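Notes follow once the structure below has been shown.
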Amino acid sequence: MEQKLTTCTLPVSGMTCAACSSRVERVLKKTPGILEASVNLATEKAVVSYDASQTKVENIIDKVRDLGYDVPVETVELAISGMTCAACSARVEKRLNSLSGVQRASVNLATGRAAVEYISGLTNIGEIRKTVEKLGYGAQKVTDDSRDREQQAHQREIRRMIFKFVLATVLSLPLAWMMVAEVLGWHQFMIDPWIQLILATPVQFYAGGQFYRGAYHALKTGGANMDVLVVLGTSVAYFYSLIAVIKDLTPLYFESAAVVITLILLGKLLEAIAKGKTSEAIKKLMGLQPNTARVIRAGVEVDTPIEEVEVGDVILVRPGERIPVDGVVIEGLSNVDESMLTGESIPVEKGPDDEVVGAAVNKQGSFTFRATKVGKDTTLAQIIRMVEAAQGSKAPIQRLADRVSGIFVPAVVAIAIFTFIGWYLAGYGVTEALIHMTTVLVIACPCALGLATPTAIMVGTGVGAEKGILIKGGEHLERAGRLNTIVLDKTGTITKGEPSLTNLFVLPSFRENEVLQAVASGEKKSEHPLGQAIIKEAQGRQLTLLETTEFEALPGKGIRFNLGQDVWYIGNEALASALNIDLASVRTEKNKWEEEGKTVMIAMTSGNLAGLVAVADTVKDNAQEAIAELKKMGLAVYMLTGDQRRTAEAIAGQVGIDQVIAEVLPEHKAEEVEKLKNAGKVVAMVGDGINDAPALATADVGMAIGTGTDVAIESAAITLMRGDLRTIASAIRLSRQTLRKIRQNLFWAFFYNIIGIPLAVFGLFTPVMAGAAMAFSSVSVVTNSLLLKRYDPTA
């Protein structure tokens, strides 16, 4: 077999020393098909010469990764212009995926974007762009200011389309009127054939010029799209009529060609306007950030452009103003409306040391804060990026439409040819056969198939963003719609994540505030989390913390301290036993609280029992309501925690969870989720902590509570910006509703073609009716998706 010598340069990451690079080089050289390999530790690159007939570059990459190193994949997003239907996007995607070095490419017709994952040593952005341009489409790398340019280009394109449509309408109206007059027998309204030619020609080649250009590029590269069908259909009618005029024959079909193009232009115009509305969520988000910030520098307030604000700047915010960037309050008190980011309509009180997010509205009171995140690092910028990525992604359900689109146009052309042959052989003549063939070509449109899924995803993810539900992509949205099991982490998800005082019981000889003040004063020096909960309650009751002396921690038992003339002991039953304190009078309360999963501390002074203090991590507001709602939706709800089973079951009982997985180490949480998946369940994991990240990634859908850690949010498919568990049900409802819209769109797209093409084949449609139906198909799919904007998943 003849050798096909190929050389490639691969980036290799994870090498830490010369032994690493030598190992990679040695193993590659021993791999069958590889003739030479050189690995450079300093540049982190491997130059490999191999026989392409024996191995592929993918095998070389797998070999490097098997050694424990990585071949980094870069991602570029391209704005693709000139795509008109699903056949276009499918062709671009297929060609990009065939490029050496491209790991995955996804092209979205609705957004006009291509997301390409590639290995930099094997290809580059320039080659990727050239590949797209060779297919006849434009390709530009998406940058931070690309969206503004795209919006401007979109508006210019709509203006051009309006002009062409108006021109086509003006020139087509006389022809359309003549067509109606002929049907009604008003022969006095017939137009001279040469005038018909003069009216139809600008419509055919100027207004319809875009279809000819698109068809040319498609056919030149061996493909076929909607433009090919339109050009074939209308050109048959136009050129047949042209020959008829020259030879002084009748009938003529200029009006069919002109009116069909006009109707299709109308459809494309309405489609473009509607598609623009699908991305309104991002426009709203981008419009939230103010242009300037009032930065205090050297004691002077300076209005500074937002892009010039730096981390560490001190910024003043007055009532009614939007907070420009993320930061931490230094001075002042106010209520802040964060609804545009979290979907929570109730303003949040902010004071010193509280975090504030850019784009939130300061309702009342001025405050200063120190900027902690600016530019692309702000919460708003991250949300915009996440929503953009989601709107440009594909859902698995779209694969069927993509496969159909790839063979659709050639199949329609074949059907049209057989239609011509059938009508001609049936004795209807060339003219009649041509008209029916034209109708078949015009009525078949793969546009609706290509728009069915992405438009619904764009609107659905946009609605979610407005309600504080961030969905990373179409595949996650689709899976969320199919969930049947919810696994909830306990601490920080079901509970508030911080202990608070839940119960206080004092004996008759003591007052409640007296005991609370004494315990809180002693705990001031302990720094124990449970003690801090007691201090917080005392401060909430505006009790003064008194100075204590001779503080002593008693390991495994509690604490001891002097308060005035009294000696106080705060601790557990072992401490009470050591002091010979009889707990019979409080045993009932103590046992009851402990059964509820609370930590009970005994307060004693000078040999006397004073009372009991119970502390627990309390459940979140609305947690019980949220879990009842999930059950009502037919979902099985589990609680997963590392806590002891008694504590876990006590919390689960409070919120209505029947199935508890307790005493699970953090590193084993993912295994428990995997067990549920292996049992055939479609599982969502909801958590907020670092130790939840593996389980979030393992679940079919990971949901991170937005009040949690960045690591958890990064690992999750869906981020719930509010800590409210009710948004879990909202996210699932939104996903189900979006999935329902996608199915409706796909049904109508397929149904339209399944019904429309046979009607055209059997002569029940005219070319003009076919043009109207074709225009209506795409517009109806986009309009149906836009109806999602009225849906409120939180209702």
Side-chain angles (χ1 to χ4, degrees), residues 1-78 93-106 114-131 141 472-473 475 665-671 673-674 677-678 690-691 693-700 702 711 714-715 717:
M1 185 182 291
E2 185 182 348
Q3 280 191 348
K4 296 180 181 178
L5 185 62
T6 306
T7 300
C8 68
T9 302
L10 298 174
V12 180
S13 65
M15 299 185 296
T16 57
C17 63
C20 297
S21 56
S22 298
R23 180 166 170 251
V24 175
E25 187 174 298
R26 187 172 61 253
V27 171
L28 288 178
K29 284 180 176 178
K30 291 179 180 179
T31 303
I34 294 180
L35 308 175
E36 187 57 51
S38 174
V39 181
N40 189 313
L41 175 65
T43 61
E44 294 191 318
K45 284 185 170 29
V47 180
V48 184
S49 297
Y50 63 99
D51 183 355
S53 64
Q54 291 188 47
T55 190
K56 295 186 294 186
V57 71
E58 287 78 10
N59 298 336
I60 300 170
I61 293 168
D62 290 341
K63 182 64 70 175
V64 173
R65 287 174 175 163
D66 287 343
L67 291 171
Y69 305 102
D70 194 22
V71 178
V73 174
E74 296 185 26
T75 301
V76 64
E77 191 172 13
L78 298 175
E93 185 173 295
K94 184 178 179 182
R95 184 69 189 91
L96 287 175
N97 277 311
S98 70
L99 275 180
S100 176
V102 170
Q103 301 292 286
R104 189 182 71 88
S106 175
V116 186
E117 296 175 3
Y118 68 98
I119 294 170
S120 62
L122 302 179
T123 189
N124 54 52
I125 295 172
E127 286 183 28
I128 293 169
R129 283 183 54 190
K130 285 177 186 174
T131 300
K141 183 182 176 183
K472 279 190 177 177
E475 59 185 296
L665 294 173
E667 59 269 27
H668 295 156
K669 284 186 176 182
E671 294 174 15
V673 171
E674 192 65 49
K677 287 174 65 178
N678 292 338
I690 290 175
N691 59 16
L696 289 170
T698 302
D700 293 296
V711 176
E714 188 65 31
S715 305

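Treat the numbers as computed from the prediction; the structure is a model and nothing was measured. We use all heavy atoms of the structure for the numbers below, so side chains are in, but hydrogens, waters and symmetry mates are not.
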Pairwise distance CG(Leu99) to OG1(Thr131) - rounded to 0.5 angstrom: 4.0 Å
Contact summary for Ala37 and Leu28, nearest pair of heavy atoms: CB-CB, 3.8 Å
Worked verdict on Arg23 versus Arg26 for side chain to side chain contact (heavy atoms under 4.5 Å, CB included): CA-CA 5 Å; Arg23 180 166 170 251; Arg26 187 172 61 253; 4.0 Å; yes
Inter-residue atom distance Gln103.CD - Thr75.OG1, 0.5 Å rounding: 10.0 Å
Salt bridge (Lys or Arg N to Asp or Glu O under 4.0 Å) evaluation trace for Lys141 with Glu77: CA-CA 6 Å; Lys141 183 182 176 183; Glu77 191 172 13; over 6 Å; no
Which pairs would a plain distance check flag for residues 61-71, meaning a side-chain donor or acceptor within less than 3.5 Å of a matching protein atom at least two apart in sequence or in another chain?
from	atom 1	to	atom 2	distance (Å)
Arg65	NE	Asp70	OD1	3.1
Arg65	NH2	Val71	O	2.8

Lys677 NZ: over 12 foreign heavy atoms closer than 6.0 Å: yes
Within-4.5 Å side-chain heavy-atom neighbours: Pro11 and Glu44: no
Separation between CD1 of Ile34 and CG of Asp51, rounded to the nearest 0.5 Å: 11.0 Å
Atom of Thr7, atom of Val47 and distance for their closest heavy-atom approach: CG2-CG1, 3.9 Å
Side chain to side chain, Leu10 and Val57, heavy atoms closer than 4.5 Å: yes
Distance (rounded to the nearest 0.5 Å) between Lys29 NZ and Ser49 OG: 11.0 Å
Closest heavy-atom pair and its distance - Pro72, Ser13: CG-OG, 3.7 Å
Any side-chain heavy-atom pair of Arg129 and Ile125 under 4.5 Å: yes
Heavy-atom pair with the smallest gap, counting every atom of Leu96 and Ala105: CB-CB, 3.7 Å
Interatomic distance, Lys669 atom NZ to Leu696 atom CG [nearest 0.5 angstrom]: 9.5 Å
Side chains of residues 116-123: which donor-acceptor partners sit under 3.5 Å, not counting sequence neighbours?
from	atom 1	to	atom 2	distance (Å)
Glu117	OE2	Arg104	NH2	3.4
Tyr118	OH	Glu74	OE1	3.3
Thr123	OG1	Glu127	OE1	3.2

Flag, side chain of Thr31 to backbone of Val27, donor-acceptor distance under 3.5 Å: yes
Shortest non-hydrogen contact between Pro32 and Thr55, atoms and distance: O-CB, 4.0 Å
Pairwise side-chain contact, Arg95 with Ser98, heavy-atom cut-off 4.5 Å (strictly under): yes
